[in-house]
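What follows is a single structure, written as structure tokens, with notes after it.
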Amino acid sequence: MSHTLGTRQAQKQRTRRALLDAALELLEEQSLGSLGLREVTRAAGIAPTAFYRHFRSVEDLGVALVGEALEGLHPLIGTAVSTTGDAEERIARAVELVAAHVDRYPAHMRFVVRERHGGVRAVREAIREQLARFTEEVARTLAEDPVSAGWSADDLLMLAQLYVEQMIATGCLFLESLESLEAMESLEATAPSPVPATGSGERARTRERVASTAARRLRLISIGRLHWPDRRAGGGTPDEGAPGRGTPCTGATGTGTAG
């Protein structure tokens, strides 16, 4: 009996995986709002009625993709911005974390970047909640740093948001460079006459350029942190317009992306 249940559970997981993978492939060419349930089931090779054994709707499937894209980053965020090492080592860790995640989940990250401000509310909210958690986690880690002594909770949260936003921007940079390289390689493969191959060397140089740009932007935030007005005397009040806890994407009063 247990063997039969195990087999059924494994089949259920395979079907769920097939639906997620099919949706991801389709979402490379369209938005979630335009994606139909039958498109997904046709691509996954299953009956449309089977879809509802795994997801309530296409929107629900999109929320699951957000979880796959970002949930695994939470245990790593603390390590990336921890107080271990000097500022340059922390910046290098953060950039490498983002680069490795984009390398591992490029389609997931393209989906998140595109749908963050897309038309499906449930998915926007899922992304916003994930980013809010990242911001809270980074703020807690920053609070342990001696440099943060005397900082108010609101200022630490604002700083954490700057770091999170810049890490998102870094992910976008790596995605764009990856797409550019893939386009070049596709052109090389279809060119009627021989063209210089992109090769691993160009990939490494492109990655290094992107990492350098991302590190400079994070470094700028770190330098600004050292010169933030001293509020230790009276505890201070947050600056008017500082983002609140519920607005990690754009800020409660329209605060823009860092960098």
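Values reported hereafter were calculated over all heavy atoms of this structure, with side chains retained and with hydrogens, waters and symmetry mates removed.
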Answer yes or no: is there a side-chain heavy-atom contact under 4.5 Å between Leu27 and Arg114? yes
Rounded to the nearest 0.5 Å, the CG atom of Asp155 sits from the CG atom of Leu142 at a distance of 12.0 Å
Tell me which pairs pass salt bridge (Lys or Arg N to Asp or Glu O under 4.0 Å) where either residue lies in residues 27-51, with sequence neighbours left out. Glu28-Arg110
Can a donor-acceptor pair be found, under 3.5 Å and without considering hydrogens, that links the side chain of Thr135 to the backbone of Leu131? yes
So for atom CZ, which belongs to Arg53, do other residues, nucleotides or ligands contribute more than 12 heavy atoms lying within a distance under 6.0 Å? no
Are the side chains of Phe55 and Leu37 in contact, using a 4.5 Å heavy-atom criterion? no
Under-4.0 Å salt bridge between Glu88 and Arg216: no
Answer with yes or no whether the hydrophobic clustering places Leu20 together with Tyr52; edges join I, L, V, M, F, W, Y residues whose side-chain heavy atoms lie under 4.5 Å apart. yes
Is there a side-chain contact between Ile127 and Arg124 (heavy atoms, below 4.5 Å)? no
Side-chain donor-acceptor pairs of residues 60-67 under 3.5 Å, sequence neighbours excluded:
{"unit_1": "Asp60", "atom_1": "OD1", "unit_2": "Arg56", "atom_2": "NH2", "d": "3.4"}
{"unit_1": "Asp60", "atom_1": "OD2", "unit_2": "Arg56", "atom_2": "N", "d": "3.0"}

Under a 4.5 Å cut-off applied to non-hydrogen side-chain atoms, are Arg207 and Phe174 in contact? yes
Nearest heavy atoms of Leu178 and Pro106, plus distance in Å: CD2-CB, 3.9 Å
Residue from Thr170, Ile91, Leu173 passing side-chain contact (heavy atoms from CB on, under 4.5 Å) with Arg217: Leu173
Any ion pair linking Arg225 and Asp145 (charged N to carboxylate O, less than 4.0 Å)? yes
One should read off an interatomic distance between Gln30 CD and Leu35 CG, to the nearest 0.5 angstrom, of 5.0 Å
Using side chain to side chain contact (heavy atoms under 4.5 Å, CB included), reason through Leu70 and Met109 one step at a time and then give a plain yes or no. CA-CA 8 Å; Leu70 300 176; Met109 297 311 296; 4.2 Å; yes
Step by step, work out the side chain to side chain contact (heavy atoms under 4.5 Å, CB included) result for Asp154 and Met158. CA-CA 6 Å; Asp154 291 292; Met158 181 172 63; over 6 Å; no
Check against side chain to side chain donor-acceptor pair (under 3.5 Å), Tyr163 and Ser222: CA-CA 9 Å; Tyr163 279 120; Ser222 296; 3.0 Å; yes
Do Trp228 and Leu159 share a hydrophobic cluster (ILVMFWY, side-chain heavy atoms under 4.5 Å, transitive)? yes
Looking at Ala44 and Leu19, what are the two nearest heavy atoms and their distance? CB-CD2, 4.0 Å
Would you call the rings of His108 and Tyr105 parallel, tilted or perpendicular if under 30° counts as parallel and over 60° as perpendicular? perpendicular
Answer yes or no: is there an ion pair linking Arg14 with Asp21, defined by an N-O contact shorter than 4.0 Å? no
Flag if over 12 foreign heavy atoms under 6.0 Å of CD, Glu25: no
Tell me whether Arg209 is salt-bridged to Glu202, with the criterion being a basic N under 4.0 Å from an acidic carboxylate O. yes
Counting C-beta onward and ignoring hydrogens, is there a side-chain heavy-atom pair between Arg133 and Glu71 closer than 4.5 Å? yes
Carefully, step by step, assess Gln11 and Thr15 under the rule side chain to side chain donor-acceptor pair (under 3.5 Å). CA-CA 6 Å; Gln11 179 59 45; Thr15 302; 3.3 Å; yes
Regarding Glu125 and Arg121, does a basic nitrogen lie under 4.0 Å from an acidic carboxylate oxygen? yes
With side chain to side chain contact (heavy atoms under 4.5 Å, CB included) as the criterion, how do Glu115 and Ser31 come out once you've worked through the C-alpha distance, each side chain's angles and the decisive distance to 0.1 Å? CA-CA 7 Å; Glu115 297 295 335; Ser31 69; 3.7 Å; yes
Say you draw a straight line from CG of Leu218 to CG of Leu162; how long is it, rounded to the nearest 0.5 Å? 10.5 Å
Is it true that Glu208 and Arg203 have a side-chain N and a carboxylate O under 4.0 angstrom from each other? no
Could you walk me through whether Met167 and Val138 pass the side chain to side chain contact (heavy atoms under 4.5 Å, CB included) test, one step at a time? CA-CA 12 Å; Met167 290 175 79; Val138 172; 5.6 Å; no
Distance in Å, Phe134 CZ paired with Leu76 CG, rounded so as to fall on 0.5 Å steps: 9.0 Å
Hey, what do you get for CD (Glu136) to CG (Leu157), rounding to the nearest 0.5 Å? 5.5 Å
